[in-house]
Amino acid sequence: MFSLSPYLENLLSSLPSQPITETVLDGLVKKAISESKQQTSPDNRRSQWEFLLRNEVYRLAETEGAFIEEPDESYYEALCNRLDIILSFSEHEACEATFLFTVLQDLLETQTVASCSHIFSWIEKRSDRLTEGMVPQKGKALVLLRTLNDLLRRLSKTGNTTTFCGRILTFLSAVFPLSERSGVNLRGEYGPQWEGVSFKKEVEERMEVDEVAPEQVEEKVVEEKKDEEKAAEVETAERSEEKLSKSKSSAEKTEDEKKEEFYNTFWSLQLPFSRPPLFAAAETLESFKSAINAVMPVIKEATVKERAMMGSKTVAGNLKRKRETTPTSTMDEGNSKYFFAKFLTSPELLDLEIADTLFRRQFLFQLLILLTHLLQFTKAEKLNWITPRNRSLQMDFTLQPDDTKWAQDTIARVYEELRQTTPNGRAFAETVQTILEREKNWVQWKNDMCSPFDKEPLPVSVEEETAHLRQKMREPMEDYKHKLGSEALTEIWAMGYRDLYDLENRFDPGDVKDFVGGIEKENARIKLRRQQLEKQAQRTQEARARAAAATKPAVPVSAPAAPASQAAEPPAVSLAPIAPIPQRVLPPGLAASPPLHPSLPAKPGTQQPVAIPGIPAQPSPAPASIPVPTPVPAPVPAQAPPVVVHPPEPTDPMIMKAEENKQRLSWLALRLARDEYLHHFGKIGNGDVIALAQEIEKEKERAQRGESQPANADPGAYSGSDRGATPSASNAGGLSDSVPFPPSQSEGKSGQTGMIEDSKETESAPITDNTIMSVDS
């Protein structure tokens, strides 16, 4: 009896009902430790606590068998509570840091797989507390790693325990760094070597499910003896047949001999699969290639047969019997049915195994892994990764160019074969390809001797200095001005090209009159938009006038006008500063000029005399007695050139877009007509497609009537050097709004009709590239 036993019993009896929080349990453990300090020395106290806690866990583990078949979870709850108590004791340094991991190691070795799953769930939940302060390759890290590796060895690689193994590996990868030497296999060791098999005719055995009666035991023994004798006779016959087959080398092989040969060839491939260093021998690669070339046709034949049975349209052909519904299954359903066990090497089962899709996929996956591994031993690849440090990963083997080509072709065949398998063959092949591509990165890391790739975090100063740059990078990007990637591609798309075939072959956009309709639509759209803008401007002007009238001050009433006889008398005093009506400022010559006649009213804007109270108005003399001064004519300035008023450039986006479309259509029409109707280009205006269409129609009508070209036509005037010449006055009337006029040629043209009034000025005006569209481009 230990002196600390009562304290542990009191602790267990004072545990509250589930769930127990960490704070409550920690308080109970701390109380038990403080109360037991006076009972024993510090050296014995730790050993007593460890013994009592271990004994309590083992005593509970002995009762596992009574709780396995019961659905009650009380056993696992009690076990987890005791593990929590041990963890709390370790955190208070009442036990060794490795004590809990030693208990877990012993516990996982004595419990069933189902109980181990519950215990590992507790480890996953307490991973933060268990791994606190853990240093890899030291102390409790080694015990934890050894415990979980032993558990992995216990578990089978089939059935539901596969998920359990994945949980353990995931936990290890999260707890330990990737460069942990216990999990990287630095020496490049391979798994267990394949044990060869030989072809034997085994006697079919039937499994008896029912129990054998006692009186049938003797009969069964006798039958077994007979079977053994028959098997011995069969073996003797086989040996004799082998000798005969050797002597009859020239004779044709029987069906059994072919089966035996294929059996030996197929299973012989497992040896290089499990031991790649065997390729260092010269004869290994040749035998491997011949075996693969013999097995692949059989695999392909089985796949074709399976697709035909499943009702594939590409394989079944004219088969009379097909399944009513094609079976469909998702990738998840295929994964749930997947079951891989150790290969069964019975000769009678080989045909059935090859007929199984999962078996064929497993074999093809093995082949892909090995061929991918062999491609690393070409001369070029070996220069990339072979170093003196990784000698353990090297082997005395170099893949020759011919063998490299064979390996690459075989890989392509294998991928194609995987795509043909059902169900979801294409998805399975893509998954395998992705896995192998990612595996290349890990292989390269392993060849570099698993160098650490963890990077230290950046200092705070660097993060603060680059804050504005990172903020700018997170801003949304502006829309690219070229929607199709480049200016040339966008222009080609706008011209109507839609395929590479259109670029290789001449694109036929249609006839010139087809573009006339588009130009007329754009003209109508521009006219409608201008009407809308005029109405808007008129409404705006009216609104401004009403607002100005509402805010304008009242005009004071002036004195009655003087008689006409006094209108010409000059005012005695100028009262212009007090005049309430603003006056228009006139030029000096006009402001000083006298009125035309005394009887006429003053000109608008001139100052009139105003009668002032208290000052008598001076009567003006009679008009007859006053001589009328002769008006002096103002000097006539030199004749200045007329000021050209250009129409305002269109600023409305809709009008500008329509004008752009018109120019594009006109350019396409001129480019289309330059080969056949180039002689009409001198008769039309500046790229007037409508006039060009009219000339073409006239020419067609003359051709139908059998008339020849008019006598006044000058074919020489329309040579290639005059393609863009400005039309004469006689042909200027055909110009329309198909091409906007430049500012330098707008004189004499109406903004609404676009008609030319002065053809001579038009002919003398300079011709720019914006007005005449180049037909040579």
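Note that the structure is a prediction, hence the values are computed from the model and not measured.
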Test item: [X] side-chain N/O and [Y] main-chain N/O as donor-acceptor pair under 3.5 Å:
X      : Y      : answer
Asn390 : Thr387 : yes
Thr551 : Ala547 : yes
Asp652 : Met654 : yes
Arg664 : Glu659 : no
Asp26  : Glu22  : no
Arg525 : Ala658 : no
Asp403 : Leu399 : no

Might you point out which heavy atoms bring [X] and [Y] nearest each other, and give the distance in Å?
X      : Y      : result
Arg154 : Cys116 : NH1-SG, 3.6 Å
Thr490 : Leu484 : OG1-N, 3.5 Å
Tyr480 : Gly485 : CE2-O, 3.2 Å
Lys440 : Thr372 : CE-CG2, 4.3 Å
Ser666 : Ile519 : OG-CD1, 3.7 Å
Arg419 : Ala429 : CG-CB, 3.7 Å

Are side-chain N/O atoms of [X] and [Y] paired as donor and acceptor at under 3.5 Å?
X      : Y      : result
Gln18  : Asn81  : yes
Glu437 : Gln433 : no
Thr421 : Arg360 : no
Thr398 : Lys379 : no
Arg391 : Gln394 : no

| said: Any salt bridge linking Lys405 with Asp409? Criterion: basic side-chain nitrogen under 4.0 Å from a carboxylate oxygen. | reply: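 Yes, Lys405 and Asp409 are salt-bridged.
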To the nearest 0.5 Å, tell me how far [X] [atom1] sits from [Y] [atom2].
X      : Y      : atom1 : atom2 : result
Ile123 : Leu148 : CD1   : CG    : 6.0 Å
Leu364 : Ile369 : CG    : CD1   : 11.5 Å
Leu104 : Leu151 : CG    : CG    : 11.0 Å
Lys481 : Glu478 : NZ    : CD    : 11.5 Å

Any side-chain heavy atom of [X] sitting closer than 4.5 Å to one from [Y]?
X      : Y      : answer
Leu436 : Phe365 : yes
Val29  : Ile33  : yes
Gln538 : Glu534 : no
Leu144 : Met134 : yes
Arg498 : Trp493 : yes

| field | Worked check of side-chain contact (heavy atoms from CB on, under 4.5 Å) between Leu374 and Thr404 | value | CA-CA 9 Å; Leu374 292 179; Thr404 303; over 6 Å; no
| field | Arg529 and Gln532: CA distance, side-chain angles, deciding distance, side chain to side chain donor-acceptor pair (under 3.5 Å) verdict | value | CA-CA 5 Å; Arg529 182 57 179 173; Gln532 295 176 354; 3.2 Å; yes
| said: Taking side chain to side chain contact (heavy atoms under 4.5 Å, CB included) as the definition, give me every residue that meets it alongside Arg126, ordered by chain and number, with sequence neighbours left out. | reply: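 With neighbours one apart ignored, the set is Asp84, Leu87, Trp122, Arg129, Leu130.
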| query | Any idea how Phe120 and Phe171 line up, ring-wise: parallel (<30°), tilted (30 to 60°), or perpendicular (>60°)? | reply |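 Plane angle over 60°, so perpendicular.
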| Partners passing ring pair (Phe, Tyr, Trp, His ring centres under 6.0 Å) against His92 (at least two apart in sequence or in another chain) | none
| note | Residues passing the ring pair (Phe, Tyr, Trp, His ring centres under 6.0 Å) test with Phe377, sequence neighbours excluded, are His373, Trp385
Would you indicate whether [X], at its atom [atom1], is surrounded by more than 12 heavy atoms from other residues, nucleotides or ligands within a distance under 6.0 Å?
X      : atom1 : result
Lys382 : NZ    : yes
Glu542 : CD    : yes
Gln531 : CD    : yes
Gln541 : CD    : no
Arg544 : CZ    : no
Lys30  : NZ    : no

| task | Apply side-chain contact (heavy atoms from CB on, under 4.5 Å) to Thr21 and Leu25, showing your working. | result | CA-CA 6 Å; Thr21 61; Leu25 185 60; over 6 Å; no
| said: Checking Gln366 against Gln362 for the side chain to side chain donor-acceptor pair (under 3.5 Å) test, could you report, in this order, the C-alpha distance in whole Å, the side-chain angles of both residues, the deciding distance, and whether it holds? | reply: CA-CA 6 Å; Gln366 284 182 302; Gln362 188 72 28; 5.6 Å; no
| Stepwise side-chain contact (heavy atoms from CB on, under 4.5 Å) test for Leu15 and Val24 | CA-CA 9 Å; Leu15 291 176; Val24 174; over 6 Å; no
| Phe89 and Phe99: aromatic ring centres closer than 6.0 Å? |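 Centroid separation for Phe89 and Phe99: 6.0 Å or greater.
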